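Given the structure is predicted, the values throughout are model-derived calculations rather than measurements. Counting starts at 1 for both ligands and their atoms, in listed order.
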Amino acid sequence: VGAGAALGWLEPPPPGEVTALLAEVAAAAERGEACLVSAWIGGDLAGIGNWRRYPRPTHRENADIQKLAVSPAHQGRGVGRKLMDELIAAAITAGVEVLTVDFRGDNERAARLYQASGFSEYGRLPGFVSFGGARYDRVMYSRDLRVQPPAGG
Ligand SMILES: CC(C)(COP(=O)(O)OP(=O)(O)OC[C@H]1O[C@@H](n2cnc3c(N)ncnc32)[C@H](O)[C@@H]1OP(=O)(O)O)[C@@H](O)C(=O)NCCC(=O)NCCS
């Protein structure tokens with residue numbers, strides 16, 4: 001976040017906030033409501049990602065990727081792709097039907113990663129994200145896990 005990662009925070013969150021968030025997601029994962037994955041390189045935490053089922057009973061077959069982040073030192077080396085592969089595989093195993101994710105409109109890296117992982121845009125809210133005095137689109141992607149992606153996707 002300090003280096004400009006668009007993760008929904010205005011400032012880097014205090015460690016205690018991140019710990020509480022991850023503990024909550026891990027507890028939800030125990031109940032089959034969520035999935036939390038991490039990547040480690042040489043003892044370093046290189047990245048994390050998670051999805052969570054939608055809470056509304058009528059949306060429960062579907063889940064949303066809430067966080068996906070790779071440490072700047074390990075970006076551009078396939079860690080994000082590997083985390084996405086694990087999140088998708090776990091979602092298929094859990095019977096999730098549609099996986100969604102949203103991101104800030106200027107986050108081209110995230111867009112390319114999600115496209116390469118079989119996601120496509122289903123909606124866009126112009127100027128929905130306010131950060132540092134500027135406005136950005138909120139871009140919404142989804143992938144229907146019941147449908148095989150095209151070859152190479
Ligand atoms: C987005 C993010 C998770 C990607 O993780 P990563 O480990 O760097 O990505 P990977 O090395 O696995 O690359 C996956 C794809 O991302 C794209 N990508 C990676 N590095 C890139 C770069 N420097 N420039 C442009 N695209 C890049 C490529 O399309 C790549 O696909 P390829 O393997 O076909 O080339 C990472 O950059 C990140 O943590 N960013 C900050 C937090 C964030 O924006 N999270 C997403 C919020 S929704």
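- Contacts between Ala6 and ligand 1, counted as non-hydrogen atom pairs separated by less than 4.0 Å, involve the backbone only.
- A heavy-atom distance below 4.5 Å is not found between the side chains of Asn62 and Thr100.
- Distance check on atom 6 (P) of ligand 1: some protein heavy atom falls below the 4.0 Å cut-off.
- Inclusion of Arg112 in the set of residues having an N or O under 3.5 Å from an N or O of ligand 1 is warranted.
- Minimum heavy-atom separation, Cys35 to Val25: O-CG1, 4.2 Å.
- Those atoms of ligand 1 with a heavy atom of Gly76 less than 4.0 angstrom away are 6 (P), 7 (O), 8 (O), 11 (O), 20 (N).
- Among all protein heavy atoms, the one lying closest to atom 2 (C) of ligand 1 is Leu113 CD2, 4.4 Å.
- No option in Arg124, Glu121, Gln115 other than Gln115 meets the side-chain hydrogen bond (donor to acceptor under 3.5 Å, both in side chains) test with Tyr141.
- When each atom of ligand 1 is checked for a heavy atom of Phe103 under 4.0 Å away, the hits are 48 (S).
- Ranking protein heavy atoms by distance to atom 12 (O) of ligand 1, first place goes to Arg81 N, 2.8 Å.
- Distance check on atom 30 (C) of ligand 1: every protein heavy atom falls at or beyond the 4.0 Å cut-off.
- With a heavy-atom cut-off of 4.0 Å, Glu108 does not touch ligand 1 at all.
- Here the heavy atom of the protein found nearest to atom 41 (C) of ligand 1 is Ala5 CB, 3.5 Å.
- Residue Gly78 approaches ligand 1 through these ligand atoms, each under 4.0 Å from one of its heavy atoms: 10 (P), 11 (O), 12 (O).
- At under 3.5 Å, not a single nitrogen or oxygen of Lys82, backbone or side chain, sits near a nitrogen or oxygen of ligand 1.
- Phe119 and Leu7 are assigned to two separate hydrophobic clusters, defined by single-linkage of ILVMFWY side chains at heavy-atom distances under 4.5 Å.
- Looking at atom 23 (N) of ligand 1, its nearest protein heavy atom turns out to be Arg109 NH2, 3.1 Å.
- Atom 33 (O) of ligand 1 lies below 4.0 Å from none of the non-hydrogen atoms of the protein.
- Note: an N/O pair closer than 3.5 Å links Val70 and ligand 1 by distance alone.
- A single hydrophobic cluster is not seen to contain both Val101 and Trp9; linkage of ILVMFWY side chains at heavy-atom distances under 4.5 Å, directly or through other members, places them apart.
- Nearest heavy-atom pair across Trp51 and Ala63 is CE3-CB, 3.7 Å.
- The pair Glu108-Arg112 fails the salt-bridge criterion, with no side-chain N (NZ, NE, NH1 or NH2) lying under 4.0 Å from an Asp/Glu carboxylate O.
- At least one side-chain heavy atom of Met140 sits under 4.5 Å from a side-chain heavy atom of Leu125.
- Contact between Leu145 and Ala91 at its shortest, heavy atoms only, is CD1-CB, 3.6 Å.
- Listed by number with element, the atoms of ligand 1 under 4.0 angstrom from any heavy atom of Arg77 are 11 (O).
- Considering backbone and side-chain atoms together, Ala110 places no N or O closer than 3.5 Å to any N or O of ligand 1.
- Of the protein's non-hydrogen atoms, Gln75 NE2, 3.7 Å is the one closest to atom 40 (N) of ligand 1.
- Of all heavy-atom pairs spanning Arg53 and Arg60, the tightest one is NH1-O, 2.7 Å.
- Taking 4.0 Å as the cut-off between side-chain N and carboxylate O, Glu97 and Arg146 count as a salt-bridged pair.
- At least one N/O-N/O distance between Gly80 and ligand 1 falls below 3.5 Å.
- Note: no N/O pair closer than 3.5 Å links Asp102 and ligand 1 by distance alone.
- Ligand 1 has a nitrogen or oxygen under 3.5 angstrom from a nitrogen or oxygen of Leu68.
- Proximity of Arg81 to Leu113: side-chain heavy atoms (C-beta onward) are separated by under 4.5 Å at one or more points.
- Ligand 1 has no nitrogen or oxygen under 3.5 angstrom from a nitrogen or oxygen of Tyr114.
- No more than 12 heavy atoms of other residues, nucleotides or ligands lie within 6.0 Å of NZ in Lys82, so this atom counts as exposed by the packing criterion.
- Contact atoms of ligand 1 toward Ala69: 39 (O) (distance under 4.0 Å to a heavy atom of the residue).
- Checked against a 3.5 angstrom limit, the closest N/O atoms of Val101 and ligand 1 fall outside it.
- The aromatic rings of Tyr114 and Phe103 sit tilted relative to each other, their planes meeting at an angle between 30° and 60°.
- When only non-hydrogen protein atoms are considered, atom 44 (O) of ligand 1 lies nearest to Asn107 ND2, 2.7 Å.
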